[in-house]
Amino acid sequence: MLISWNTTRACNQACEHCYRDAGTKQEDELSTAEGLGLIEEIATAGFRIMVFSGGEPLLRDDIFDLMAHAHHCGLRAVLGTNGTLIDISVAGHLKQIGVARVGISLDNTDEQAHDQFRRMPGAWKQAVEGMRNCQQVGLPFQVHTTVTARNAPILRDLIDFAESIGAAAHHIFFLVPTGRGKQLESEALDAEQYEQLLDDILEKQRHTAMEIKPTCAPQFMRIATQKGMDLRFTKGCLAGTAYCVIIPNGDVNPCPYLPVKVGNVRETPFSQLWRDSPVFATLRQAQVGGVCGRCKYQAICGGCRARAYYHSDGDFMAEDPWCAYGRAMSQ
């Protein structure tokens, strides 16, 4: 099981797609003491991987202490960052405190296009330098890319770049229209483009030892099965079953793109929320609607619960509207 903690809303970028609408720190963000206690609760609940993200988590003064504590509690601590603040000293410190891996965002092979998407001059160069600094100190890193119609045509080139620079993995995030991402809804791929791109990604996986994982695209499990590929993953959408997110003020959501409040860790211990939440219970029962409920691949895919939420007036158990296979079933 893995969990993400959006440690802060503060960020040095203003990315067009940001689901957290990051930029300025919230006044009610969890304190250091609250964060340390939260980490212990997460370990108690049986999680194994904890992702520290944001905003930009390196803007928290206590981020090293928090990640060191996660490592001390037996969690695999992972940093999700835009990479621009990882100089050689920061990379070395992350390695020293036991951080297992760093995920660095890179959305294009073209510097200007990446900088425009991230709304920060020099973002591409600084992100790539951050990758090289991680590599220099022996700290594994992976590349994170958000896909829209804008950069989908160069995705293969970006995968090649990630492999050439020494990334351990390339995780490809499919846009969900939340936060500032609502402004990019017209740039989301349609169901057929989405299906074709997932097929292309899995074909690319056949030819590289670097892990390539589509995220917020649970249909990749169905396509992999259809292609006879044996991946290490067991299910596409993990929201509420083996994954959830804690946002800066302590609210718990099933995933970063599904703003359904489960509770708040200031009011209820996280381990209790994870065990007893009615929202999580609903997701775990997996009684999904529409074609998702009739699909023979439902157990390994699950459909994207966040996309169902946004396209059905808040019903996160509705069918996933982005599935070309599902559309064919309904005809």
Side-chain angles (χ1 to χ4, degrees), residues 15-19 103-110 113-114 116-118 142-164 167 169-178 181-233 235-239 255-257 291-292 295 297 300-308 310-311 319-330:
C15 306
E16 292 185 41
H17 67 295
C18 182
Y19 64 83
I104 298 177
S105 299
L106 198 72
D107 302 302
N108 214 297
T109 51
D110 180 84
H114 174 85
Q116 181 180 355
F117 192 59
R118 296 267 158 184
Q142 63 190 47
V143 174
H144 291 169
T145 298
T146 297
V147 177
T148 66
R150 198 183 310 181
N151 63 349
I154 56 88
L155 188 59
R156 280 178 168 268
D157 293 337
L158 194 51
I159 294 171
D160 289 339
F161 177 83
E163 184 175 30
S164 70
H170 188 182
H171 286 199
I172 299 165
F173 293 76
F174 284 72
L175 179 71
V176 179
T178 182
K182 291 178 181 178
Q183 303 169 16
L184 297 181
E185 189 167 7
S186 63
E187 295 191 35
L189 306 180
D190 63 30
E192 287 70 29
Q193 292 171 323
Y194 170 66
E195 180 90 359
Q196 184 59 58
L197 189 56
L198 286 177
D199 188 88
D200 290 346
I201 290 169
L202 289 169
E203 280 301 314
K204 191 70 173 173
Q205 180 67 90
R206 293 185 189 273
H207 304 289
T208 176
M210 179 184 71
E211 177 186 277
I212 309 172
K213 183 183 183 297
T215 301
C216 304
Q219 288 80 9
F220 86 92
M221 288 294 293
R222 184 251 308 160
I223 296 173
T225 300
Q226 291 171 325
K227 296 170 76 67
M229 299 177 68
D230 185 16
L231 304 180
R232 70 175 181 88
F233 311 106
K235 188 178 180 183
C237 182
L238 302 177
C255 90
Y257 311 101
V291 294
C292 283
C295 181
Y297 297 104
I300 61 170
C301 171
C304 178
R305 298 300 95 216
R307 284 201 299 268
Y310 283 104
H311 291 275
E319 67 180 46
D320 183 344
W322 264 18
C323 182
Y325 184 82
R327 287 189 180 187
M329 284 177 59
S330 63

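- T178 meets the side-chain hydrogen bond (donor to acceptor under 3.5 Å, both in side chains) test with Y310; sequence neighbours excluded.
- Note that CD of E16 is 10.5 Å distant from CG of L175, once rounded to the nearest 0.5 Å.
- With values rounded to the nearest 0.5 angstrom, M229 atom CE is found 5.0 Å from R206 atom CZ.
- C216 approaches R307 most closely through the heavy-atom pair O-NH1, 2.7 Å.
- With Q205 contributing its side chain and I212 its backbone, the two residues share a donor-acceptor pair below 3.5 Å.
- In terms of the side chain to side chain contact (heavy atoms under 4.5 Å, CB included) criterion, residue partners of A113 (sequence neighbours excluded) are, by chain and number, N108, D110.
- Counting heavy atoms from C-beta outward, R118 and S105 have side chains that approach closer than 4.5 Å.
- A heavy-atom distance below 4.5 Å is found between the side chains of T225 and Y297.
- You'll find the side chain of F161 reaches within 4.5 Å of the side chain of L106, heavy atoms only.
- Among all heavy-atom pairs drawn from T146 and D107, the shortest one is N-OD1, 2.9 Å.
- Here OG1 of T148 is found 5.5 Å from CZ of R150. Values are rounded to the nearest 0.5 Å.
- Summarising the geometry, atom CD1 belonging to I300 is positioned 8.5 Å from atom SG belonging to C295; distances are rounded to the nearest 0.5 Å.
- The structure places CG of L198 at 9.5 Å from SG of C323, a figure rounded to the nearest 0.5 Å.
- Taking 4.5 Å as the limit, some side-chain heavy atom of T145 sits within range of a side-chain heavy atom of N151.
- No more than 12 heavy atoms of other residues, nucleotides or ligands lie within 6.0 Å of CD in Q116, so this atom counts as exposed by the packing criterion.
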| query | Does the side chain to side chain contact (heavy atoms under 4.5 Å, CB included) test come out yes or no for Y325 and Q219, once each step is laid out? | reply | CA-CA 9 Å; Y325 184 82; Q219 288 80 9; over 6 Å; no
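- Listed by first then second residue, pairs satisfying salt bridge (charged side-chain N to carboxylate O under 4.0 Å, His left out) with a partner in residues 152-164 read D160-K204, not counting sequence neighbours.
- Applying the side chain to side chain contact (heavy atoms under 4.5 Å, CB included) test to C292 and every residue at least two apart in sequence or in another chain returns V288, R305, E319, D320.
- Within the 4.5 Å cutoff, side-chain heavy atoms of I172 are placed close to those of L155.
- Taking Y257 as the reference, nothing meets the side-chain hydrogen bond (donor to acceptor under 3.5 Å, both in side chains) condition, with sequence neighbours excluded.
- In this structure H170 satisfies the ring pair (Phe, Tyr, Trp, His ring centres under 6.0 Å) test with no other residue, sequence neighbours excluded.
- By the ring pair (Phe, Tyr, Trp, His ring centres under 6.0 Å) test, Y194 pairs with F174, W322, sequence neighbours left out.
- The side chain to side chain contact (heavy atoms under 4.5 Å, CB included) check on D190 picks up E192, Q193, with sequence neighbours excluded.
- With sequence neighbours excluded, no residue forms a salt bridge (charged side-chain N to carboxylate O under 4.0 Å, His left out) with K235.
- In terms of the side-chain hydrogen bond (donor to acceptor under 3.5 Å, both in side chains) criterion, residue partners of H171 (sequence neighbours excluded) are, by chain and number, Q142, E211.
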| Stepwise salt bridge (Lys or Arg N to Asp or Glu O under 4.0 Å) check, D199 with K227 | CA-CA 9 Å; D199 188 88; K227 296 170 76 67; 3.2 Å; yes
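- Here the shortest heavy-atom pairing between C255 and A306 reads SG-CB, 4.2 Å.
- Residues C304 and P218 share a closest heavy-atom pair of N-CG, 3.4 Å.
- Applying the ring-ring contact (aromatic ring centres under 6.0 Å, His included) test to pairs two or more places apart or on separate chains, those with a residue in residues 198-225 are F220-F233.
- Pairing each heavy atom of L189 with each of A152, the nearest pair is CD2-CB, 4.2 Å.
- Here H144 contributes atom NE2 and I104 contributes atom CD1; the two are 9.0 Å apart, rounded to the nearest 0.5 Å.
- Residues meeting the side chain to side chain contact (heavy atoms under 4.5 Å, CB included) test with E195, sequence neighbours left out: R222, I223, A324.
- In plain terms, the two heavy atoms of A149 and P153 that are nearest each other are O-CD, 3.5 Å.
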